[in-house]
Amino acid sequence: MPNPLPNNIILNPRFENWLNFQTGGKVRVATGKVEIGQGVTTALSQIAAEELDLTLDQIIMLSGDSDLGPNERYTSSSLSIMDSGAAVRAICAEARGLLLARAALRLNCAVDQLSVARGQISIDGEESDVTYWTVSDEIDWSREATGEATPKAPVTYKIVGTDVPRADLEAKIGGGAFIHDWLPKGLLHARILRQPGRDAELHSLDEIALKRAATGEFKIHRQDNFIAFVGEDELTVELAAEVAPNHAIWNGVKKVDPVQQEAEWLRPQSSIDNLHGDTVSVNATGEVVKATFSRPYVAHASIAPSCALARFEDGHLTVWSHGQGMHPLRQNIANVVGLPESEITARHMFGAGCYGHNGADDVAMDAALVAIANPGRHVRVQWRRPEEFGHEPLGPAMLIDLTVEVDLQGWPVDWTAEIWSPTHVQRPSADSGALLAADALSEAGPPQVPDDPPEERGGGGTRNAKPYYNVPRSRILHHLIKEPPVRTSALRTLGALPNIFALEAMIDDLANRCEKDPLDYRLALLSDERARDVLSAVAKNAKWRERGIGGDGWGLGLAFSRYKNMAAYAATAVALRVDERVNLEKIWVVADAGLVINPDGLRNQLEGGAIQGASWALKEQVTLDGSGVSSLDWEAYPILCFSEVPEIEADIIDKPHEPSLGVGECAVSPTAAAIGNAVAHALGRRISHMPLSRERIMAALLKSG
């Protein structure tokens, strides 16, 4: 019986979508997933080389090409290895079988007499004159995969499970690898005058005064409310965009009150309400514990701003982008500019790291519109820093009320999480107006209807709100806010970080209420041995049993989560000291991601996730004023500095016979939660609202004093 085909093969069933046997003993392996700093293309090349019996230098990875690669939609939700990895493994295993079957016909022998090394086929241990490349042209690669081949057993792996340096790093470290660095001959630069809100209409633009203020040659491209400054000199168009707001008058600008930046503002707003889980308990007999937690709006804060290039020639538009989905980008641009998808190519290039939906799709749309107006020239659009902070979709603010009923022994028996949050998914889609430049056109589509990922895909605002612990009854009351003051969308972990921050704080506080050790309390509530193992391991590494009673300014906290309650397991411990602010001393992370493809890459993800989780917990908050975001530079929006990053010890519990689990986001949330618990241990007082800033620390110290 055939093996079940991975979903990405069902969507892209032909071998030619994935594989191409090239000259020089190389195989091009294509993926719709893209490299955004997570090492996915290196890991996928390991899977392909393993199944094809090739070496890594024989694999050429093609990533994110809408013409030549499979449509795997967006690189998101820690699904690349789980989804694309499973597809590449199945395709390569079946391709190997087809190649060996053809070689057996050529050599007049049985398939089980054949073996392969580097694509060279041997018969009964003796090298033949047959290779993959001598028989590959005899196979119809337009055929569809069947699932009839069985991939290799993990015990036979030679490449998968080994540390392999990331293939993208050498070019990035050496410079010139990023989309920002590509300057084709004859390039036109462009900068954009952004609408101050979706409904704003340009009343007037004083072009004479603008050209007087911005010296140099440039032209102004206007398409309804989309305004671009275009020229051969980048500094000239940069200056034009910088001074343009002083010479533009807009109608219909909505004002934003600073109070709207606070999560508490969400509570009374109009919302779409849903109940997930058990019906609410009406006969509570135990003690009820309540607490409120929040996370503010946060930015992606990529070090380099969004950038894209486009060229329109002979009726065909090519767009180069660092977005997370080239096939969706092609479709969305086609819907706006009126070209058939067959006349648009979208190709991925490296950009500054960004886990989530930032301005990459928007700037690609900008470049496409300007390129169509300037055929035969490459057009490069790069956002300015205030534009990046001010107009990218933000990670939503969230407000969380927890209500927990405990029995006489202090164990939770009923758990309610009530959550207020704007949408976590505003990625452009076929019928949306989620692209800024598209919104500026007179034929802009309707605004997107607020929505969130369904629970079976992990949820958005509700992600990880359901306890993984053994609680007899639990429910989530979700209030999806209809009209937040700013545009929000996907940011790493979606709602998991604030939900885990709240959940793990409550678990700690419940343990303290009944005078139980927080580690022992968690272990008693967990029946999943893999969850218990990561917790026990991180506690051992951090010397948990030696931590002391706390309250003296030094704290040690721990936290656990299984990302989406279905992906990788991670437990984190954090040691820190609190005076006027939080000073991190060390972070320990232990993860179980099933079969690990590249241990070094996985550790990198754990370390990076811990750093980002710490930055969100301690420092980051978008501020609002006037017509929108007011935190428009690094001074107004600080992130964790290099000098503030502590030693991080990341360990892996390898389970090679278990399926690979998504790991890219697993360490972020428990790190933030462990920091919250460590601060509570250090102060003897809980701070429930992020970021755990100097102001909040001082307020807690003054209150406790």
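This one's a predicted model, so the numbers in the text were calculated from it and none came from an experiment.
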K.L.:
Got a second to check how far Asn541's CG is from Trp588's CH2, nearest 0.5 Å?
P.N.:
8.5 Å
K.L.:
Taking side chain as C-beta onward, heavy atoms only, is Pro467 less than 4.5 Å from Leu503?
P.N.:
yes
K.L.:
Heavy atoms, side chains only, cut-off 4.5 Å: are Phe642 and Ile611 in contact?
P.N.:
no
K.L.:
Mind checking the CD1-CD spacing from Ile675 to Glu504? Nearest 0.5 Å is all I need.
P.N.:
13.5 Å
K.L.:
For the pair Gln605 (side chain) and Gly601 (backbone), establish whether a donor and an acceptor sit closer than 3.5 Å, ignoring hydrogens and angles.
P.N.:
no
K.L.:
Side chains of Ser421 and Leu480: closer than 4.5 Å at any heavy-atom pair?
P.N.:
no
K.L.:
Which pair of non-hydrogen atoms, one from Ala496 and one from Tyr563, has the smallest distance, and what is that distance?
P.N.:
CB-CE1, 3.9 Å
K.L.:
In terms of side-chain geometry, is the basic nitrogen of Asp508 or Arg522 positioned less than 4.0 Å from the acidic oxygen of its partner?
P.N.:
yes
K.L.:
Kindly determine whether Leu618 and Leu584 satisfy side chain to side chain contact (heavy atoms under 4.5 Å, CB included), including the steps that lead there.
P.N.:
CA-CA 10 Å; Leu618 296 175; Leu584 300 175; 3.9 Å; yes
K.L.:
Could you tell me whether Asp452 and Arg457 have a side-chain N and a carboxylate O separated by less than 4.0 Å?
P.N.:
no
K.L.:
What is the distance from atom CG of Leu497 to atom OG of Ser669, rounded to the nearest 0.5 Å?
P.N.:
4.5 Å
K.L.:
Examine the side chains of His478 and Thr462 and answer whether a donor and an acceptor come within less than 3.5 Å of each other.
P.N.:
no
K.L.:
Let me see the working for Val582 and Val679 under side chain to side chain contact (heavy atoms under 4.5 Å, CB included), right down to the final yes or no.
P.N.:
CA-CA 8 Å; Val582 177; Val679 169; 3.8 Å; yes
K.L.:
Taking the side chain as every heavy atom from C-beta outward, state whether Pro422 and Leu266 have any pair of such atoms under 4.5 Å apart.
P.N.:
yes
K.L.:
Does Phe389 have Arg385 sitting over its ring (NZ/CZ under 6.0 Å from centre, angle to axis within 45°)?
P.N.:
yes
K.L.:
Could you state the interatomic distance from CD1 (Ile652) to CG (Leu606), rounded to the nearest 0.5 Å?
P.N.:
6.5 Å
K.L.:
Looking only at heavy atoms, what is the nearest atom pair of Gly351 and Ile179, with distance?
P.N.:
CA-CG2, 4.5 Å
K.L.:
Kindly say whether Leu640 contributes a backbone atom to a donor-acceptor pair with the side chain of Ser615 at under 3.5 angstrom?
P.N.:
yes
K.L.:
Do you see a donor-acceptor pair shorter than 3.5 Å between the side chains of Lys564 and Ser78?
P.N.:
no
K.L.:
Under 3.5 Å, is there a donor-acceptor pair between the side chain of Arg166 and the main chain of Gly37?
P.N.:
yes
K.L.:
Taking Arg492 for its side chain and His300 for its backbone only, find out whether a donor-acceptor pair lies under 3.5 Å.
P.N.:
no
K.L.:
Ignoring hydrogens and angles, tell me if any N or O in the side chain of Ser489 forms a donor-acceptor pair with the backbone of Val425 under 3.5 Å.
P.N.:
no
K.L.:
Angle class for the His180/His322 ring planes (parallel below 30°, perpendicular above 60°, tilted otherwise)?
P.N.:
tilted
K.L.:
Less than 4.0 angstrom from a charged side-chain N to a carboxylate O is my criterion; do Glu238 and Arg191 meet it?
P.N.:
yes
K.L.:
Ignoring hydrogens and angles, state whether a donor on the side chain of Gln426 or His357 is under 3.5 Å from an acceptor on the partner side chain.
P.N.:
no
K.L.:
Ala570 and Val534: which non-hydrogen atoms are nearest, and at how many Å?
P.N.:
C-CG2, 4.3 Å
K.L.:
Kindly determine whether Arg427 and Arg73 satisfy side chain to side chain contact (heavy atoms under 4.5 Å, CB included), including the steps that lead there.
P.N.:
CA-CA 11 Å; Arg427 290 188 188 273; Arg73 291 196 57 75; over 6 Å; no
K.L.:
Would you call Lys619-Glu644 a salt bridge at under 4.0 Å N-O?
P.N.:
yes
K.L.:
Test Pro691 against every option in Arg295, Arg696, Glu620 by the side-chain contact (heavy atoms from CB on, under 4.5 Å) rule and name the one that passes.
P.N.:
Arg696
K.L.:
Is the backbone N or O of Thr623 less than 3.5 Å from a side-chain atom of Ser631, with the two atoms forming a donor-acceptor pair by type?
P.N.:
yes
K.L.:
Would the distance check show the side chain of Gln38 and the main-chain N or O of Val34 forming a donor-acceptor pair, the cut-off being under 3.5 Å?
P.N.:
yes
K.L.:
State, with a plain yes or no, whether a side-chain heavy atom of Gln612 is found less than 4.5 Å away from one of Thr493.
P.N.:
no
K.L.:
If we ignore angles and hydrogens, is there a donor and acceptor under 3.5 Å between the side chains of Asp361 and Asn332?
P.N.:
no
K.L.:
Check for a donor-acceptor pair, side chain of Tyr521 on one end and backbone N or O of Ile507 on the other, with a separation under 3.5 Å.
P.N.:
no
K.L.:
Which atom pair, heavy atoms only, marks the closest approach of Leu193 to Ala244?
P.N.:
CD1-CB, 4.0 Å
K.L.:
When you measure from the side chain of Asn464 to the backbone of Ile500, do you find a donor-acceptor pair of N or O atoms at a distance under 3.5 Å?
P.N.:
no
K.L.:
List the steps, then state whether side chain to side chain contact (heavy atoms under 4.5 Å, CB included) holds for Arg194 with Asp366.
P.N.:
CA-CA 10 Å; Arg194 282 267 85 96; Asp366 296 341; 2.9 Å; yes
K.L.:
NE2 of His689 to CD1 of Ile687: how many Å apart, nearest 0.5 Å?
P.N.:
10.0 Å
K.L.:
When rounded to the nearest 0.5 angstrom, what distance separates OG1 in Thr42 from CG in Leu169?
P.N.:
7.5 Å
K.L.:
Looking at every heavy atom in both Tyr297 and Gln261, which two are closest together, and how far apart are they?
P.N.:
CD1-O, 3.9 Å
K.L.:
Using only atom types and a distance under 3.5 Å, with no angle test, would you say the side chain of Glu388 pairs donor to acceptor with the backbone of Trp383?
P.N.:
no
K.L.:
Taking the six-membered ring for Trp, are His681 and Trp554 parallel (under 30°), tilted (30 to 60°) or perpendicular (over 60°)?
P.N.:
perpendicular
K.L.:
Would you say Val668 and Tyr355 make side-chain contact, with heavy atoms under 4.5 Å?
P.N.:
no
K.L.:
Any side-chain donor-acceptor pair under 3.5 Å between Ser63 and Glu35?
P.N.:
no
K.L.:
State, to 0.1 Å, how close Leu683 and Val578 come at their nearest heavy-atom pair, and which atoms those are.
P.N.:
CD2-CG1, 3.8 Å
K.L.:
Any side-chain heavy atom of Val289 sitting closer than 4.5 Å to one from Met506?
P.N.:
yes
K.L.:
Is there a side-chain contact between Arg267 and Glu264 in this structure, where contact means two heavy atoms from C-beta onward sitting under 4.5 Å apart?
P.N.:
yes
K.L.:
May I ask you to say whether Lys290 pairs ionically with Asp401, meaning some side-chain N is under 4.0 Å from a carboxylate O?
P.N.:
no
K.L.:
Side chains of Arg463 and Asn565: donor-acceptor distance under 3.5 Å anywhere?
P.N.:
no
K.L.:
So does Glu392 pair up with Arg487, basic N to acidic O under 4.0 Å?
P.N.:
no
K.L.:
Hydrogens and angles aside, do Thr423 and Thr488 bring a side-chain donor and acceptor to less than 3.5 Å of each other?
P.N.:
no
K.L.:
Taking Glu649 first and then Lys586, would you say they form a salt bridge - that is, a charged N and a carboxylate O separated by under 4.0 Å?
P.N.:
yes
K.L.:
For Gln324 and Tyr74, does a side-chain donor sit closer than 3.5 Å to a side-chain acceptor?
P.N.:
no
